[in-house]
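First up is the structure itself, then whatever we jot down about it.
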Amino acid sequence: QCEHGPPQVISVRRRWAGTGAFELLQDSDIILRVDGRRVETFRDVETAADVPEAELLVVRNGEKLNLRVRTAPVADTTTDRLILWSGAVLQAAPAAIAAQRGQELAGVYVSSRFHGSPATRYNLPVMSRVIEVDGEKVPDLDAFVRTVAAKPDGADVRLKLLDLRGAPSMACLRVDNA
């Protein structure tokens with residue numbers, strides 16, 4: 001007997017990078033139970049998995065598997081800090097990158113750039129993440145600010161980037177602190 005109308009199957013379609021689900025589940029796994037409770041809707045999964053760890057019964061390639069999965073709270077998606085650097089508007093990497101793209105939340109996200117700025121002139125791509133400045137890793141906004149603060153006006157800076165698919169690229173930019 002189903003509680004929510006016709007029976008539904010909960011299939012894994014996308015996993016959030018950096019979570020226990022990303023490590024243990026695979027796309028196309030079918031979730032049957034969470035901590036012994038049958039699940040029929042995504043809300044059932046959400047409610048049952050509101051604990052630090054959950055026991056999942058899944059079907060993978062026709063075989064039933066019991067998996068102990070660390071859960072993760074839904075991340076706050078509010079942007080609370082922006083910086084403007086050489087005409088680029090930068091922020092912490094949005095949670096949607098992990099949720100929708102399955103990539104780790106590392107680097108500094110280029111959300112936009114101003115026309116006529118060095119970021120535009122040297123074609124710093126929007127919707128990319130800066131993960132290195134001159135070979136030095138920049139895992140977050142604070143590390144980025146520390147690294148670029150030491151660069152004098154007119155200095156050439158080499159940036160390692162990741163696009164939304166996780167493909168790396170390089171960009172060079174001449175700093176304009178004016």
Side-chain angles (χ1 to χ4, degrees), residues 1-83 89-112 125-133 135-147 159-169:
Q1 180 84 358
C2 294
E3 298 175 23
H4 307 288
Q8 297 180 26
V9 173
I10 304 298
S11 176
V12 176
R13 181 163 179 184
R14 185 181 305 141
R15 297 161 293 139
W16 194 310
T19 64
F22 188 81
E23 296 166 8
L24 294 175
L25 295 175
Q26 295 179 5
D27 290 349
S28 301
D29 281 354
I30 297 172
I31 301 174
L32 301 176
R33 295 185 178 277
V34 177
D35 283 336
R37 293 173 38 199
R38 185 179 65 216
V39 291
E40 300 170 0
T41 66
F42 183 73
R43 182 67 182 144
D44 289 344
V45 174
E46 259 185 337
T47 304
D50 192 20
V51 292
E53 225 178 51
E55 184 80 29
L56 273 62
L57 175 61
V58 302
V59 176
R60 178 181 299 157
N61 300 324
E63 308 240 347
K64 288 184 180 179
L65 299 171
N66 284 302
L67 302 172
R68 191 112 191 109
V69 179
R70 284 180 298 109
T71 62
V74 176
D76 183 7
T77 58
T78 305
T79 300
D80 60 359
R81 182 177 173 204
L82 294 172
I83 61 171
V89 179
L90 307 171
Q91 68 182 68
I97 290 174
Q100 297 173 6
R101 303 291 179 155
Q103 297 180 35
E104 293 288 340
L105 292 179
V108 176
Y109 186 73
V110 181
S111 58
S112 66
V126 296
M127 297 190 308
S128 64
R129 288 176 290 144
V130 178
I131 58 168
E132 289 181 12
V133 175
E136 187 174 329
K137 291 189 185 305
V138 287
D140 55 35
L141 272 174
D142 291 329
F144 181 85
V145 169
R146 278 192 306 275
T147 303
L159 306 172
K160 184 174 183 182
L161 309 163
L162 292 177
D163 68 11
L164 290 177
R165 295 168 297 144
S169 65

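The structure presented is a predicted model; accordingly, all values stated were derived computationally and were not measured.
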Those residues that, when tested against [X], pass side-chain hydrogen bond (donor to acceptor under 3.5 Å, both in side chains) (two or more places apart):
X      : value
Ser128 : none
Asp142 : Arg81
Arg70  : Glu23
Arg68  : Glu53, Glu55

Can you name the residues that form a side chain to side chain contact (heavy atoms under 4.5 Å, CB included) with [X], not counting sequence neighbours?
X      : result
Pro168 : Lys160, Leu162
Gln26  : Asp29, Arg60
Ser111 : Val89, Gln91, Tyr109
Lys64  : Leu32, Leu57, Val59

How many angstroms lie between [atom1] in [X] and [atom2] in [Y], if you round to the nearest 0.5 Å?
X      : Y      : atom1 : atom2 : value
Ile10  : Leu56  : CD1   : CG    : 11.5 Å
Leu24  : Leu65  : CG    : CG    : 10.5 Å
Asp80  : Leu141 : CG    : CG    : 9.0 Å
Arg37  : Asp35  : CZ    : CG    : 8.0 Å
Leu159 : Ile131 : CG    : CD1   : 10.5 Å

Taking all heavy atoms of Ala93 and all of Arg129, pick out the closest pair and write down the distance.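 Minimum heavy-atom separation between Ala93 and Arg129: CB-CD, 3.9 Å.
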
State, to 0.1 Å, how close Val130 and Phe144 come at their nearest heavy-atom pair, and which atoms those are.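 Closest approach of Val130 to Phe144, heavy atoms only: CG1-CE1, 4.0 Å.
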
Are Asp140 and Val108 close enough, and set up right, to give a side-chain contact (heavy atoms from CB on, under 4.5 Å), and what steps lead you there? CA-CA 6 Å; Asp140 55 35; Val108 176; 5.9 Å; no

Tell me whether Thr147 contacts the main-chain N or O of Val133 through its side chain, where contact means a donor paired with an acceptor under 3.5 Å. no

How would you list, by chain and number, every residue that makes a salt bridge (charged side-chain N to carboxylate O under 4.0 Å, His left out) with Asp27, sequence neighbours excluded?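 Applying salt bridge (charged side-chain N to carboxylate O under 4.0 Å, His left out) to Asp27 gives Arg15.
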
Checking Asp163 now: which residues fulfil salt bridge (charged side-chain N to carboxylate O under 4.0 Å, His left out) with it, not counting sequence neighbours? Arg165

